[in-house]
There are 2 protein chains.
Amino acid sequence: MKKSDKITWSGCPVRYAAGVFGDKWCFVLLRDILLHGKRYYGEFAASEEGISTNILADRLSRLEGDDMLTRHVDPNKRSKVFYLPTRKARALLPAFLGMMVWSTEFDEKTAAPASFAKAFREDPKAAIDWYEAEIDRVNAGLEHSS
Amino acid sequence: MKKSDKITWSGCPVRYAAGVFGDKWCFVLLRDILLHGKRYYGEFAASEEGISTNILADRLSRLEGDDMLTRHVDPNKRSKVFYLPTRKARALLPAFLGMMVWSTEFDEKTAAPASFAKAFREDPKAAIDWYEAEIDRVNAGLEHSS
DNA sequence: ATTTTCACTTGCAATTTGAAAGCGCCCAAT
DNA sequence: ATTGGGCGCTTTCAAATTGCAAGTGAAAAT
């Protein structure tokens, strides 16, 4: 029985969000996909945080099961696999960027430039659109695939 | 050694956020404080999700250590304890409400009314201000205390 | 004085995590 | 045709975390 099977919580939006990505590694994976343009299993495995492969595989399949990612075998090199964010995952961008703004304000060691928070606060929609376009750009080379 | 001691991750805003509240129970506690007006230990312990008291105590002290909450003995009844959200915790409201909007869109079993998401999307600032005012109102009766 | 309330703490079994090794598939080179 | 890597997981097992239940000690109520 997987952890997610036990979470039968339903109704409360915060519980729902916690069930889907209220977990250190899901957080990091979604960041890599939504903000860092990563798509391949190997790219996730190589992340700075050093996720171990058993956890990585578990979280990827959980996110797939939650309709956040779709799994694809690379048609050009069928031993490689990539994951694309669904519309549902992409819709998290505003909340994710909101968290980033929060971190840049309260983490004294933040690596994010102040200009990011400023830009987001002045025109959130423009900032979101910029990241959306990035996601499209990264996906473009992949989404003709099975 | 506590879990938070090991997370020496610094720099990345998403990692920072994950370190502070990227955990099911921290999520739920912050929801109770920011959105449900809960302040007392006993109120958290009685939450629908059934957090066990050892975990509750651990998360409360972690959040206190992360400067999200301050702990206070109730001066009117010194065997009771309450926790107040700091400015840092309150600053999470926009991101939290953003997550709620996301959940109401993608959780088919959501209990949140569609009107909430609609209101937030039409005027995020007004929605945030409404919750801020609620927090002030709940705090008002408590914050003269030690 | 005694019991009850309340905020934790402790003990312990069960679950989850994480580092490392293993496995099977695909592809490239020989 | 065979071999050797690269790659995406899966397995193993010890260590860390969780969660239930019971316990503790201070403060209130009786």
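Labels below follow one simple rule: chain letters A, B, ... track the order of the sequence lines, proteins then strands, and each chain is numbered from 1.
- The shortest distance between the side-chain N/O atoms of B/Arg59 and the OP1/OP2 oxygens of C/dC8 is not below 4.0 Å.
- Rounded to whole Å, atom C1' of C/dT16 lies 12 Å from atom NZ of A/Lys24.
- Using a 4.0 Å heavy-atom criterion, one finds that A/Tyr83 contacts the sugar-phosphate atoms exclusively.
- Distance from the side chain of B/Ser52 is smallest for D/dC20 among the nucleotides D/dT18, D/dG8, D/dC20.
- Taking both residues in full, the closest heavy atoms of A/Pro94 and A/Phe120 are given as O-CZ, 4.2 Å, listed atom of the first, atom of the second, then distance.
- Distances were taken from every side-chain heavy atom of A/Tyr41 (C-beta onward) to each of D/dC9, C/dA7, D/dG19; the shortest belongs to D/dC9.
- When the P atom of D/dA29 is taken as reference, atom NZ of B/Lys80 falls 11 Å away, rounded to whole Å.
- Looking at A/Thr104, its side chain never comes within 3.5 Å of a backbone N or O of A/Ala117 through a donor-acceptor pair.
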Base-pairing string, 5' to 3', of DNA chain D - Watson-Crick or wobble, under 3.5 Å, | interstrand: ||||||||||||||||||||||||||||||
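- Distance from the side chain of B/Arg62 is smallest for D/dT18 among the nucleotides C/dT9, C/dA19, D/dT18.
- Here B/Arg78 does not pair with B/Asp74 in a salt bridge; the nearest charged N to carboxylate O distance is not below 4.0 Å.
- The only member of A/Val28, A/Leu84, A/Leu92, A/Leu69 that meets side chain to side chain contact (heavy atoms under 4.5 Å, CB included) when paired with A/Ile33 is A/Leu69.
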Base versus backbone protein contacts along nucleotides 22-30 of chain C [heavy-atom cut-off under 4.0 Å; B, S, -]: ----SS---
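- Atom CZ in A/Arg71 sits roughly 15 Å away from atom P in D/dC7 (whole-Å rounding).
- Between A/Phe27 and B/Phe21, the shortest heavy-atom contact is CZ-CE1, 4.1 Å.
- The CG atom of B/Leu69 sits 12 Å away from the P atom of C/dC8 (whole-angstrom rounding).
- A salt bridge links B/Asp136 with B/Arg90: the distance from a Lys NZ or Arg NE/NH1/NH2 to an Asp or Glu carboxylate oxygen falls below 4.0 Å.
- One finds a salt bridge joining B/Glu49 and B/Arg31 here, because a Lys/Arg side-chain nitrogen approaches an Asp/Glu carboxylate oxygen to under 4.0 Å.
- When the C1' atom of D/dC7 is taken as reference, atom CZ of A/Phe44 falls 15 Å away, rounded to whole Å.
- We find that CD of A/Glu43 is positioned 11 Å from P of D/dC7, with the value rounded to whole Å.
- Of the residues near DNA chain C, A/Gly50 and B/Gly42, the one whose nearest nucleotide (by heavy atom distance) lies more toward the 5' end is B/Gly42.
- Taking the centre of each ring, A/Phe44 and A/Trp25 stay at or above the 6.0 Å mark.
- Checked by atom type and distance alone, the side chain of B/Lys88 pairs as donor or acceptor with a backbone atom of B/Asp66 at under 3.5 Å.
- B/Ile55 has its CD1 atom 17 Å from the P atom of C/dA13, to the nearest Å.
- Out of C/dA20, D/dG19, D/dC7, the shortest distance to the side chain of A/Asn54 is found at C/dA20.
- Remark: C1' of D/dG19 and CD of B/Glu49 are 15 Å apart, rounded to the nearest angstrom.
- With salt bridges taken as basic N to acidic carboxylate O contacts below 4.0 Å, none links B/Glu43 and B/Arg39.
- Phosphate contact (OP1/OP2 of C/dG18, side-chain N/O of A/Trp25, threshold under 4.0 Å): present.
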